[in-house]
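Every chain is numbered from 1 and lettered A, B, ... according to where its sequence line falls, protein lines coming before strand lines. Computed from a prediction, not measured in an experiment: that's the story for all the values here.
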Amino acid sequence: MNLMNLFNRRTSAPVARERLQILLAHERGIVGGKPDLVALLREEILAVVGRHVAVERDRVHVRMNRGADLSTLEIEVEIPAPGMARA
Amino acid sequence: MAKVLVVTSGKGGVGKTTSTAALGGALAQSGEKVVVIDFDVGLRNLDLVMGAERRVVFDLINVVQGDAKLNQALIRDKRIENLSLLPASQTRDKDALTEEGVARVLADLKQKFDWIICDSPAGIERGATLAMRHADVAVVVTNPEVSSVRDSDRIIGLLDSKTEKAENGERVEKHLLLTRYDPVRAERGEMLKVDDVLEILSIPLLGIIPESEEVLRASNVGSPVTLNNPGSAPGRAYFDAARRLKGESVEMTIPSDKKGLLGKLFGRRAA
């Protein structure tokens, strides 16, 4: 190692700190102390759709994919055949 | 009023058992009646770190299942009279621990002790959630290292949502215990600093335990570091932390083992 490397070496702790801050901001949205966002969305979607159409609890699927630039929310609600609908 | 304290971390190997023994020892030495409980069913180690491994007859699961009385399972420390250990089972399945059973044992222990310190297993599975379930106070043991900080964040989330207190709309009092800290490396920018970890986890600091040979030396001989070498840097740091747990206000310092020239010449000893 030459002398210049010794002076130019970037310290690693600030990198650790920055990586943790980004990661935890992301993870706290999914797990952590607050209620699970996906579970919350699922319940509310179930309630709204259920006001108009009879849906079964396990026929509602909510998936969230988070990316660095773009996140997507995928909602899939299976509605039973017309004869079984409420109104 | 007895306090139930859980020592937890998520990640393994950060110093939960060492800290349980050291804080238990420090609190007991200050006159408090203390029991330390090992919740790590199948991988118990608190008995070994406390030097009581050859005295285990009954364990927590025996008491939970009614096969032994609490007094038969409690092991009284030979050095400090008001310190006791309730070991985990080494052979039984961890599913033998039930929430009601643990609650019953804790209620009995509250009649006899001032502090009930629960040494949590690593992870977020049953043993860990049961260890924190009935806690009033939590000590989150964290190393200044990315994976430990991340896991501590997860555990803090669980303390705020999955404990009895949280479910009743109350809060578990949470404290950060930063262990294996090296102030020189932190100053050089090679290790997360105390303030970095505090800012990320945002819970109050209970103490900073410096990286030290004394910790291994104490576990080698089966003694809490606060008993084996109370004057050592980690010993003093744990004593300060124990005083803060009791509500005393103690200035936050990072004790050091660094010796002067005379200390270097004459202070060396074998252990």
My understanding is that only one of B/Asp196, B/Leu192, B/Leu201, B/Val197 makes a side chain to side chain contact (heavy atoms under 4.5 Å, CB included) with A/Leu20; could you say which? B/Leu192
Heavy-atom count check: over 12 atoms from other residues, nucleotides or ligands less than 6.0 Å from B/Arg180 CZ? no
Nearest-0.5 Å distance, OG of residue A/Ser12 to CZ of residue B/Arg185: 7.5 Å
Enclosure of A/Gln21 CD (heavy-atom neighbours >12, cutoff 6.0 Å): yes
Heavy atoms only: give me the nearest B/Ile200-A/Arg28 pair and the separation to one decimal. O-NH2, 2.7 Å
Which answer fits B/Glu145, side chain, backbone, both or neither, if we ask what part of it has an atom under 4.5 Å from a heavy atom of chain A? neither
Should we say atom CD of B/Glu125 is surrounded by more than 12 heavy atoms from elsewhere, each under 6.0 Å from it? no
Is there side-chain contact between A/Glu27 and B/Arg150, with heavy atoms separated by less than 4.5 Å? yes
Which heavy-atom pair separates B/Gly189 from A/Pro14 by the least distance, and what is that distance? O-CD, 4.0 Å
If you count heavy atoms of other groups shown closer than 6.0 angstrom to CD of B/Glu170, is the number above 12? yes
